[in-house]
2 protein chains.
Amino acid sequence: MPATSTPSGGAPRVLGHPSRDAIRLEDVLHALADPVRLGIVLVLDEAEGECSCSVFDAPVSKSTLTHHFRVLREHGVITQAYRGTAKMNALRRDDLEDLFPGLLDTVLTAARRQAAAGLGAGASAAATGRA
Amino acid sequence: MPATSTPSGGAPRVLGHPSRDAIRLEDVLHALADPVRLGIVLVLDEAEGECSCSVFDAPVSKSTLTHHFRVLREHGVITQAYRGTAKMNALRRDDLEDLFPGLLDTVLTAARRQAAAGLGAGASAAATGRA
DNA sequence: GCGAATGTACGAGACCTATCGTACTTCGCG
DNA sequence: CGCGAAGTACGATAGGTCTCGTACATTCGC
């Protein structure tokens, strides 16, 4: 829905999401393979609903965060929608569950388990995310 | 990563594998995010045991295949061992299952499902009939 | 209308990855 | 011992990704 005008250099108010059939396993895996994005998905999962972009404590700049959200969206992991100045994010649970049953849950559980293990083990290199 | 002693420029006969605790979810996800590697893991999974390196019909050169096997090994997804001129590969099922319960299975199932859907791409949307 | 808040776009830089071809090592066999 | 087979290493190349800073757009509240 083109709100007012569609200026040549403006940020599009309409966000393109891949259709369910266009979601590929490799893409989802790739999207989830990044520590920052995995963290985002983890938060989104616990939020169980929508979430603004700026409630994440990721150690990256705003631009980078935008980039990660875009990757997540373009790979079919999340949905994004504008709401005033904020942008709400939500997991595509149904689509993901339908395409890859149990995948999201399993990965998220594994991520939490690893995070817990890492915290208890005095994670030094684990916290950085880079190996 | 721990450097395996390279005597004088030869191919090391000893292969370094990460310990179970060193296996990271992001690495496993990343390893699985590549179509070639996912295919390898799929074959390895069905083989249920060891497999030589050269039974894969991946559309890549031998060098590239070696590279992928190495990634898989260094990320803790497979085990490799020399056996004469051949090198046997096997999934680290136990370690993976212990660290990330159900992950390998879920991903592999998703991969097979997607592959099946892709083969019957003509009527994929109708064939699934899922809502 | 103006300013603040939220987020985006556009480069740029550094790093990693996937791919290849070629040369090489190692092993098994005759 | 020499040869073929199986893999590896290395270098090169093309492309992707992650990160950033800065400039800009959009909306809300006044």
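Below, read A as the first sequence line, B as the second, and so on, with proteins coming before strands; counting in each chain starts at 1. Every value quoted in this text rests on a predicted model; they were computed, and no experiment measured them.
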> Do you know which of A:L44, A:D98, A:D45 makes side-chain contact (heavy atoms from CB on, under 4.5 Å) with A:R93?
Replying inline: A:D45

Could you tabulate the donor-acceptor pairs under 3.5 Å formed by side-chain atoms of residues 74-81 of chain A, not counting sequence neighbours?
from: A:Q80; atom 1: OE1; to: A:R73; atom 2: NH1; distance (Å): 2.8
from: A:Q80; atom 1: NE2; to: A:N89; atom 2: OD1; distance (Å): 2.7

> For A:M88 and D:dT27, what is the distance between atoms CE and P respectively, to the nearest whole Å?
Replying inline: 15 Å

>> Nearest 0.5 Å, please: how far is CG in A:L108 from CG in A:L32?
In response: 7.0 Å

> Are side-chain heavy atoms of A:L91 and A:L96 found at a separation under 4.5 Å?
Replying inline: no

> What nucleotide, of C:dA9, D:dT19, C:dG7, holds the atom closest to the side chain of A:R70?
Replying inline: C:dA9

> Between C:dA18 atom C1' and B:L72 atom CG, what is the distance in whole Å?
Replying inline: 14 Å

>> Taking the nucleotide of DNA chain D with the nearest heavy atom to each, does B:H67 or A:V71 sit closer to the 5' end?
In response: B:H67

>> Nearest whole Å is fine: how far is D:dT17 P from A:E26 CD?
In response: 13 Å

> Counting side-chain heavy atoms from CB outward, which of D:dT19, D:dT17, D:dA6 is closest to A:H68?
Replying inline: D:dT19

>> Rounded to whole Å, how long is the line connecting atom CG of B:N89 with atom P of D:dA6?
In response: 14 Å

Just the atom pairs and distances: protein N or O near nucleotides 20-23 of chain C's N or O, under 3.5 Å.
from: C:dC20; atom 1: OP2; to: B:S61; atom 2: N; distance (Å): 2.6
from: C:dC20; atom 1: OP2; to: B:S61; atom 2: OG; distance (Å): 3.2
from: C:dC20; atom 1: OP2; to: B:T64; atom 2: OG1; distance (Å): 2.8
from: C:dG21; atom 1: N7; to: B:S63; atom 2: OG; distance (Å): 3.4
from: C:dG21; atom 1: O6; to: B:S63; atom 2: OG; distance (Å): 2.8
from: C:dT22; atom 1: O4; to: B:S63; atom 2: OG; distance (Å): 3.2

>> Can you measure B:F69 atom CZ to C:dA18 atom P for me and round it to whole angstrom units?
In response: 14 Å

> Which is true for A:R37 with a 4.0 Å heavy-atom rule: it touches a base, it touches only sugar-phosphate, or it touches nothing?
Replying inline: sugar-phosphate

> To the nearest Å, how far apart are A:I40 CD1 and C:dG7 C1'?
Replying inline: 14 Å

> Rounded to the nearest 0.5 Å, what separation is found between the NZ atom of A:K62 and the OG1 atom of A:T66?
Replying inline: 8.0 Å

> Between C:dA18 atom P and B:D34 atom CG, what is the distance in whole Å?
Replying inline: 5 Å

> Do the non-hydrogen side-chain atoms of B:L25 and B:L103 ever get within less than 4.5 Å of each other?
Replying inline: yes

>> Any non-hydrogen side-chain atom of B:R92 less than 4.5 Å from a side-chain atom of B:L99?
In response: no

> Whole-Å distance between D:dT26 P and A:Y82 OH?
Replying inline: 10 Å

